[in-house]
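The sequence lines fix the lettering, A, B, ..., with proteins before strands; numbering per chain opens at 1. Given the structure is predicted, the values throughout are model-derived calculations rather than measurements.
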Number of protein chains: 2
Amino acid sequence: MATTSVIHRTFAVLEAVAASGSTTAKEVAQQLEIPLPSVYRLLNDLVANQYLVHLKDDGRFELGPKCFDLGLSFRQRLLAPSPIRQATAELHRTLQAASYFAVYRGADIVLTYLSDCDQHPRLRPLRFGFHEAAHATAFGKILLSGMTAEQRGSYLEARGMPILTPHTIARQDVLSDHLDEVSTRGIAWEHEEFLPRTTCAAAPVRNGSGMCVGALAVSMPSRKVTGLEARIESALREYAGQCSRYMRAG
Amino acid sequence: MATTSVIHRTFAVLEAVAASGSTTAKEVAQQLEIPLPSVYRLLNDLVANQYLVHLKDDGRFELGPKCFDLGLSFRQRLLAPSPIRQATAELHRTLQAASYFAVYRGADIVLTYLSDCDQHPRLRPLRFGFHEAAHATAFGKILLSGMTAEQRGSYLEARGMPILTPHTIARQDVLSDHLDEVSTRGIAWEHEEFLPRTTCAAAPVRNGSGMCVGALAVSMPSRKVTGLEARIESALREYAGQCSRYMRAG
DNA sequence: GCATGCGTTCTCATGGGGCGAGAATACTCC
DNA sequence: GGAGTATTCTCGCCCCATGAGAACGCATGC
């Protein structure tokens with residue numbers, strides 16, 4: 001499948017170490033079904049490149065500093081710019097709800113900022129860099145609705161549409177109709193399709209050409225939403241508009 | 001030098017992308033002096049493994065989500081346990097100074113927690129995962145003094161003793177004498193050897209066998225230190241003692 | 001001291017597959 | 001439609017990754 005098997009293997013080893021936190025050459029070998037000498041070669045190469053460290057005491061391997069550096073570089077590159085962060089934080093304050101900002105990244109959809117607090121915590125699986133389940137999140141719907149039909153098709157093809165709750169939209173045609181509506185309304189709602197008892201809403205952020213480039217979203221316990229729909233939508237539009245203004249300027 | 005050149009090359013490409021934030025195949029090729037087709041092969045393998053993404057719009061390559069995952073795993077593995085973090089934070093509050101906690105990690109010396117605030121900010125280059133310049137930091141001196149002579153020798157051999165300020169100790173024999181003193185006093189001072197106008201101090205944290213396993217440290221503007229030396233030392237000893245107690249228990 | 005076990009490295013013959021020049025293709029922008 | 005650029009394909013060469021097996025180093029136990 002992958003052209004160069006060495007590289008694939010190397011990352012398999014690296015990820016095996018990452019997953020277990022701390023492991024031995026033997027464990028990696030039997031887990032990945034690679035002969036021991038080869039595993040040692042790979043591990044040593046990874047150590048030489050500072051992606052692993054070899055703990056001499058007990059002969060275990062763990063992640064090395066370069067792994068963290070990569071993470072930092074990724075974060076630095078992707079973190080939403082300060083005006084966007086501010087708008088997201090104000091949305092959080094205004095609606096008393098955890099707020100999110102997401103963008104396209106190549107073919108992907110990625111969360112690049114979150115604003116929450118102890119009273120209004122983020123949804124558990126959501127974090128900076130989150131890039132799954134677009135079909136079941138409000139910001140995902142916004143960004144899916146901004147794609148061309150074929151982009152969206154290959155996106156859903158590649159990732160599938162996992163069923164996360166009884167309300168998750170699991171059929172492409174249903175989703176497609178739903179996204180048309182999202183697109184015309186300029187707001188996406190997500191009612192317990194991602195997590196039980198949780199509702200999200202999102203609005204698009206556009207650049208100078210009017211193209212959708214991002215999504216601003218909030219999450220709330222479903223019981224708190226009733227009656228506030230209009231207020232949520234107008235706040236989303238308001239702050240998404242702020243973001244769009246920044247996008248047009250920059 | 002590295003046995004498997006493929007792996008070395010692959011990481012060279014990955015790091016080139018990380019360093020530039022966003023780059024093209026051609027730039028990588030001429031920067032690393034690797035023929036273009038080979039660069040594309042490596043880039044595509046990295047994309048296939050989710051360590052890079054290929055931005056279709058402008059044909060640039062950037063870091064992929066797996067990079068962030070690695071960073072998270074590293075952080076999760078290394079972050080100091082909660083009692084240690086609390087002790088470090090209390091030291092910060094007590095002395096009104098940014099506080100740090102560092103440990104051994106294989107042959108390395110790594111910062112695994114920092115506690116600071118706007119009034120008492122951390123030293124700029126210091127961050128979670130920092131693992132350089134042990135000869136010029138207080139916590140580094142503590143942990144170097146806890147090594148055997150040959151461990152320390154090979155450590156300094158491998159990393160050298162870069163001169164960071166006019167006061168940086170740059171000779172191994174001088175450092176060695178200094179570390180003997182540190183070891184007997186049970187406190188390390190660092191006076192503007194790492195950053196100008198900045199002074200640090202550290203105390204060892206020991207496990208049940210009395211072996212040094214960590215270092216608790218503070219940094220302050222040098223002008224604020226005068227007259228407080230005794231108070232700083234006793235607070236360091238106090239909270240390092242708390243950490244040691246935790247280490248004996250765990 | 002000798003035996004045992006485990007982690008790690010070495011040796012070496014084999015052949016899979018990585019390599020890179022060059023060409024071909026797929027784009028985009030005038 | 002043509003020039004320029006980004007990306008992939010082709011293909012034969014030969015390098016070097018591979019893995020079985022053995023050897024080494026270093027514990028611990030008897």
Review item, nucleotides 27-30 of chain C N/O atoms under 3.5 Å of protein N/O:
none

All N/O pairs under 3.5 Å across the protein-nucleotides 24-29 of chain D interface:
none

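A distance-only check finds no donor-acceptor pair linking the side chain of A:Thr23 to the backbone of A:Ser20 [under 3.5 Å]. In terms of modelled atom types and a separation under 3.5 Å, the side chain of A:Ser176 and the main chain of A:Gln172 share no donor-acceptor contact.
Phosphate proximity of D:dG19 to A:Ser38: present, with a side-chain N or O under 4.0 Å from OP1 or OP2. Side-chain nitrogen and oxygen atoms of B:Arg9 include at least one within less than 4.0 Å of the OP1 or OP2 phosphate oxygen of C:dG20.
Residues A:Arg159 and A:Asp108 are paired through a salt bridge, judged by an N-O separation under 4.0 Å between the basic side chain and the carboxylate. In this structure, A:Asp69 does not pair ionically with A:Arg75, as no charged nitrogen and carboxylate oxygen lie closer than 4.0 Å.
If you take CG of B:Leu42 and P of C:dG17, they are 17 Å apart, rounded to a whole angstrom. Across the protein-nucleic acid pair, A:Ile7 atom CD1 and D:dT18 atom C1' stand 16 Å apart, rounded to whole Å. Taking atom CG on B:Leu43 and atom C1' on C:dG18, their separation rounds to 16 Å, with Å as the unit.
Atom OG of residue B:Ser38 and atom CG of residue B:Leu32 lie 11.5 Å apart, to the nearest 0.5 angstrom.
Residues passing the salt bridge (Lys or Arg N to Asp or Glu O under 4.0 Å) test with A:Arg105, sequence neighbours excluded: B:Glu62. Take A:Asp173 and apply the side chain to side chain donor-acceptor pair (under 3.5 Å) test, not counting sequence neighbours, and it matches A:Arg171.
Taking the screw axis at each terminus of the helix from C:dG1-D:dC30 to C:dC30-D:dG1 from five consecutive base pairs, the angle between the two is 50° to within rounding of 10 degrees.
Between B:Tyr51 and A:Phe11, the ring planes are parallel. Angles under 30° get that label, and only those over 60° would be called perpendicular. Classification of the A:His54-A:Phe61 ring pair by plane angle, with boundaries at 30° and 60°, yields parallel.
If you run side-chain contact (heavy atoms from CB on, under 4.5 Å) between A:Val103 and each of A:Thr112, A:Ile109, A:Leu78, A:Val213, only A:Thr112 comes through.
Under the 4.5 Å side-chain criterion, counting only non-hydrogen atoms from C-beta, B:Tyr100 is not in contact with B:Phe128.
Shown here for B:Thr168 and B:Pro162, the closest heavy-atom pair between the two residues is CG2-O, 3.5 Å.
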Legend entry - Sequence-aligned protein contact record of nucleotides 5-13 of chain C, with B where the base is within under 4.0 Å of a protein heavy atom and S where only the sugar-phosphate is: --SBBB---
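When the nucleotides C:dG20, D:dG19, D:dT18 are ranked by their closest atom to the side chain of A:Pro35, D:dG19 comes out on top.
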Legend entry - Criterion side-chain hydrogen bond (donor to acceptor under 3.5 Å, both in side chains) on B:His178 and B:Lys141, from CA distance to verdict: CA-CA 9 Å; B:His178 182 66; B:Lys141 287 177 182 179; 3.0 Å; yes
